[in-house]
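This report concerns only the one structure given below.
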Amino acid sequence: MDDQVGVIGAGVMGHGIAETCAIAGYHVILCDVDDSILSAAIEKIRWSLKSLLDRGMLKESVEGVLARITKTTEFTALGSASFIVEAVKEDSEVKRSVYEKLNQVVSDDCVVVSNTSTIPITELSLMNKNPQKFAGLHFFNPPAVMPIVEIIRGEKTNDSTLLKIKVLSERLKKESVIVNKDIPGFLVNRLNDRMILEALILLQEGAEPMDIDSMARFRLGFPMGICELLDFVGIDTVYFANREMIKHGFNTRPSKILEEMVNSGRTGMKSGRGFYTYPTPNVYVRPTIQPGKKMYRINPVRILASVINEAAWMIRNNVASNEDIERAMKKGMNWPHGPLELADRFGIEVVVNSLKSRLALSGESRYIPDPLLMEMIEKKNTGMRSGTGFFHWETSTTQFESLRYLRIVDFALISINRPERLNALNENVWKELALAMKTALDDDAVRNVFITGNGRAFSAGDDISMMAKWEKIDDAKDWMATYAKPLVDLMIDFPKPIITLVNGLAFGGGCELNMLADIVVASDDAIFSIPEGSIGAIPPIASSIGLANIDRRILRYALTGESLSPGDAQDLGLVDIVVPPDQLSVVMVELSEKLSRIAPLSSRKIKEAANSIKQAQAVNIRAAEEALTELTGTTDFKEGQKAFLKKRSPIWKGK
Ligand code: NAI
């Protein structure tokens, strides 16, 4: 009968699959070795149906659904099923004995699928009397809730069988992804295995589970941390699945950490001890994972690079389509983006560089970048920044002389581009920065603006050779009115979030620009200083708005000219996030997304409120600007410029 489905094995997966089929209206014959197992399974189904009903996810009565499930220990009862799902223990020999019995009873039209996680479908198909009517149908746990299934084609599986499985999946209200080749781990488990191994290597290098998990949850937006996920699924389950995949030719290696945990019984939530501890074995209490500074020490791209490399291999080998890979990870793992979109967002070059550095350190061939990724780089299809990668992105450039301006989908990236002068702020840079900010302001597509420096400096501050040319106070006044003030005013009133990415030296005006930003991200090799006093000038923004809105201790740095490390600057409140240099662009991508998740009008209103606090400092800023222009007329100011250019100590006269 077309609406009869047999499910063999009433364990964790089998009872859930039976429940799912019964909810969809199928008559289910649930088969296991023992009546007590079957009765326990029915009780679990009853409990699950009740909870679905309570959450409004079930449209009929619990008893109505249960009435469609028949339990049996006799294989002969399966003879009338048009569809059979095998969900017995993950052991080839156990499965073989099941198929031997099944071959005696199933009709010639019956489609048989296995829910195996790791055993090759072709190998299992050959144990069946109709290998062409056999395939993999991989449900996720819990089957009644998870919205997706993987359909795996064995070497013998024919098209009509695949079609029938697709139709069944649709009736079960599951989205399906097609895995065209029978590869170890299929799609989701295989991609996950790559991610898990990299996380375990990080642990070996000294990272804490909490750091990895907070990075995964609060930076990548994954629903669970990686160690948290391992504990939940079962350390032993993951360990043995990995071993099976290796046995069937997957190019990876087992993890010592998992092996030791399995050997010592630390199998995760089920034993009460894993990467985290649980009050009672088998009772899931979510570990407390909190964001913190340390999550910025782990590069998410390192975790993702192996996954993306694997996904590229799958595409190139026609294992699965781009769309199916993305859907599988989004629906199967609840990732906010699929691996290919993440590759585009972070940049294919960034991914490949990560792989290459892992390859150089470990010599492990699984890190060799897939030819597909290399070809994309060659064709300059490097992802979101280039406009094309695995997907198309709205990206445009605007030409400037001393800046690079890139609009990447919904944010603008302005890079000061005078690397040979450490991005010193001459008239043109001041002018173009204001023009670029105005471009971003007028572009409705731009929600956030990032400012960084090209080369090894963010900005060395005002160009001394420009200042040295001022002959009278009016020259400085003109400069202030024409170049500096328009940008400062624009930044104070700017209605969109401004984020600076401090990639190196940020001195003087280059440091003070950060005091007008909303979020400041600094790389480990950034250094901050407001040493204007040592050349006979003052830092006007620091001495006014910086002092009032950031911290009193700014005074120390203005009065002494001392430098601040990124950590000092973070303690002071000038810097928000400190990352290793290779993560500045990664954090830019993360922040742009987080910022864009906020309702546009809310973002606007928050900025208006914040800007009004800055605007309240207008009198003080103007006074500081005037004080600066006044100083430019003094003997000491001239001496300061000369001494700086000649690299000698100034001789102050106090006038
Ligand atoms: P389980 O151990 O909870 O259940 C297996 C059931 O099969 C048991 O009730 C057992 O009594 C029954 N069984 C064993 N031999 C049998 C036989 N000869 N005839 C009838 N019933 C028999 O295992 P689980 O976790 O449900 O896994 C089942 C399959 O699903 C495995 O292939 C596994 O790899 C796969 N899978 C498991 C997932 C999970 O999260 N547990 C996720 C996706 C797939």
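When a ligand or atom number is given, it counts from 1 through the structure's own listing order. All values derive from a computational prediction rather than experimental measurement.
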Handout entry: Nearest heavy-atom neighbours spanning I257 and L203
Key = CD1-CB, 3.7 Å

Handout entry: K95 touching ligand 1 at heavy-atom level, < 4.0 angstrom
Key = yes

Handout entry: Check against salt bridge (Lys or Arg N to Asp or Glu O under 4.0 Å), R153 and D159
Key = CA-CA 9 Å; R153 184 197 276 275; D159 288 346; 2.9 Å; yes

Problem - Numbering as shown, the atoms of ligand 1 that approach I37 to under 4.0 Å (heavy-atom distance) - result: 9 (O), 11 (O)

Exercise for the section: Give the single entry among E90, E150, R96 that approaches atom 32 (O) of ligand 1 most closely by any heavy atom. Expected result: E90

Practice task
Determine, considering heavy atoms only, which of V88, V85, T72, T73 sits nearest to atom 13 (N) of ligand 1.
Solution key: V88

Problem - Test log, rule ring pair (Phe, Tyr, Trp, His ring centres under 6.0 Å), inputs F83 and Y26 - result: CA-CA 10 Å; F83 221 101; Y26 285 103; 7.6 Å; no

Exercise for the section: With the side chain counted from C-beta on, respond yes when L124 and K95 share a heavy-atom pair under 4.5 Å apart, and no when they do not. Expected result: yes

Fill in the blank from the handout: of all protein heavy atoms, closest to atom 35 (C) of ligand 1 is N115 O, 3.2 Å

Practice task
Decide whether S365 and N251 meet the rule of one side-chain donor and one side-chain acceptor closer than 3.5 Å.
Solution key: yes

Fill in the blank from the handout: Note: V233, heavy atoms under 4.0 Å from ligand 1, region reported as neither

Problem - Heteroatom distance test (D32, ligand 1): nitrogen or oxygen, under 3.5 angstrom - result: yes

